[in-house]
Amino acid sequence: MATYTLPELPYDYAALAPVISPEIIELHHDKHHAAYVKGANDTLEQLAEARDKDQWGTINGLEKNLAFHLSGHILHSIYWHNMTGDGGGEPLEKDGVGELADALAESFGSFRKFKAQLTKASATTQGSGWGVLAYEPVTGRLIVEQIYDHQGNVGQGSVPILVFDAWEHAFYLQYKNQKVDFIEAMWQVVNWQDVAKRYTAAKERANNLLLAP
């Protein structure tokens with residue numbers, strides 16, 4: 001049976017300072033992300049046991065747990081690579097990410113309008129959740145999703161390419177209850193090279209899905 005593992009960070013704990021402190025990065029990756037990996041693996045084992053015993057009294061809870069922990073693992077795995085200490089600014093053609101820049105302008109009207117929508121979606125998520133830029137394969141356009149927890153309010157088939165973690169554990173030690181300040185600061189560390197690669201990969205794989213006409 002396939003199991004999930006905690007990926008290594010692509011940089012050291014201090015790489016994103018002062019936007020995100022080393023203490024937050026260490027706790028976020030080594031404790032919180034690790035907990036989602038363990039939760040997904042534990043749930044797979046519990047589902048295997050249920051199949052072996054043909055006992056399905058807990059199936060609803062197990063399926064919900066798997067969606068929660070697995071989605072948390074996937075989003076965090078993207079999150080770490082979406083950031084770099086040399087990031088920020090705006091995706092530009094001169095930096096080799098012109099295709100992404102054009103797609104953002106086409107889907108949202110301009111980079112400024114896209115930034116405003118993702119900022120607002122991330123900062124106003126009720127409770128715990130994420131703001132996400134995703135490739136939507138039916139129309140071939142980019143959309144913003146406001147995800148509750150890790151798995152709620154998601155369009156089926158959409159592929160996340162840029163994720164902003166709006167859970168309190170992502171910022172509270174440094175930004176206290178000022179989620180808006182954290183989201184605004186996040187734009188200083190966006191790794192547009194990584195986002196552009198994910199956009200290209202999502203487009204190339206779109207035909208692998210069975211899409212509605």
Side-chain angles (χ1 to χ4, degrees), residues 1-45 64-89 118-119 121-123 125 127-134 144-154 158-199 201-202:
M1 179 180 296
T3 55
Y4 302 101
T5 59
L6 180 67
E8 293 185 4
L9 286 171
Y11 34 69
D12 62 40
Y13 296 137
L16 303 179
V19 173
I20 307 179
S21 71
E23 182 183 15
I24 288 179
I25 295 295
E26 182 176 4
L27 288 172
H28 196 169
H29 176 267
D30 296 1
K31 301 299 182 182
H32 291 281
H33 189 174
Y36 299 128
V37 173
K38 184 179 186 302
N41 288 329
D42 288 349
T43 306
L44 286 179
E45 291 181 2
K64 182 177 181 180
N65 285 345
L66 183 60
F68 176 82
H69 289 295
L70 180 54
S71 296
H73 171 44
I74 290 171
L75 288 172
H76 279 92
S77 296
I78 297 170
Y79 180 66
W80 306 124
H81 287 274
N82 271 172
M83 298 183 290
T84 175
D86 299 322
L118 182 56
T119 297
S122 304
T125 304
S128 300
W130 299 72
V132 172
L133 172 67
V144 165
E145 295 182 322
Q146 187 182 58
I147 297 178
Y148 299 117
D149 291 335
H150 302 305
Q151 78 281 18
N153 212 34
V154 178
S158 61
V159 181
I161 64 172
L162 173 62
V163 300
F164 280 7
D165 192 342
W167 281 65
E168 284 191 347
H169 64 238
F171 63 88
Y172 200 85
L173 289 177
Q174 184 174 355
Y175 292 85
K176 306 307 180 188
N177 63 334
Q178 298 302 314
K179 184 190 295 186
V180 175
D181 291 347
F182 170 66
I183 299 302
E184 288 287 356
M186 275 289 299
W187 291 102
Q188 300 175 42
V189 294
V190 173
N191 185 346
W192 291 116
Q193 298 293 330
D194 182 71
V195 179
K197 290 177 182 177
R198 294 180 186 279
Y199 171 62

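One is the number of the first residue; the rest follow in order along the sequence. Below, each value reflects all heavy atoms present in this structure, side chains not excepted, and no hydrogens, waters or symmetry copies.
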Could you tell me whether the side chain of [Y] reaches within less than 4.5 Å of the side chain of [X], counting heavy atoms only?
X	Y	result
Lys31	Glu26	no
Leu118	Phe164	yes
Trp192	Leu162	yes
Phe182	Ile20	yes

Original post:
Yes or no on side chain to side chain contact (heavy atoms under 4.5 Å, CB included) for His169 and Leu27, after CA distance, side-chain angles and deciding distance?
Top reply: CA-CA 8 Å; His169 64 238; Leu27 288 172; over 6 Å; no
Can you see whether [X] engages [Y] through a side-chain donor-acceptor pair at a distance of less than 3.5 angstrom?
X	Y	result
Gln174	Tyr172	no
Trp80	His29	no
Asp30	Tyr13	yes
Glu168	Ser128	no
Tyr4	His69	no
Thr119	Trp187	yes

Looking at [X] and [Y], what are the two nearest heavy atoms and their distance?
X	Y	answer
Ala17	Pro22	CB-CD, 4.3 Å
Ala166	Phe171	O-CE2, 3.7 Å
Ile183	Ser122	CD1-CB, 3.8 Å
Tyr175	Val19	OH-O, 2.6 Å
Ala40	Leu66	O-CD1, 4.1 Å
Gln151	Lys64	NE2-O, 4.4 Å

Interatomic distance, [X] atom [atom1] to [Y] atom [atom2] [nearest 0.5 angstrom]:
X	Y	atom1	atom2	answer
Ser158	Ile147	OG	CD1	7.0 Å
Leu173	Ile24	CG	CD1	5.0 Å
Gln188	Leu16	CD	CG	11.0 Å
Phe68	Thr43	CZ	OG1	10.5 Å
Met83	Leu9	CE	CG	8.5 Å

**OP:** Using the test salt bridge (Lys or Arg N to Asp or Glu O under 4.0 Å), find all partners of Asp149 that sit at least two apart in sequence or belong to another chain.
**Re:**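 With sequence neighbours excluded, Asp149 shows a salt bridge (Lys or Arg N to Asp or Glu O under 4.0 Å) to no residue whatsoever.
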Whether [X] side chain and [Y] backbone form a donor-acceptor pair below 3.5 Å:
X	Y	answer
Asn191	Thr84	no
Asn82	Val163	yes
Thr125	Ala121	yes

Please list, one pair per line, the donor and acceptor atoms closer than 3.5 Å that link side chains of residues 71-78 to other protein atoms, with sequence neighbours excluded.
unit_1	atom_1	unit_2	atom_2	d
Ser71	OG	Ala67	O	2.7
His73	ND1	His33	NE2	2.9
His76	ND1	Gly72	O	2.7
His76	NE2	His28	NE2	2.9
His76	NE2	Asp165	OD2	3.2
Ser77	OG	His73	O	2.8

Original post:
Between Tyr148 and Trp130, does a ring-ring contact (aromatic ring centres under 6.0 Å, His included) hold up when you go through it step by step?
Top reply: CA-CA 7 Å; Tyr148 299 117; Trp130 299 72; over 10 Å; no
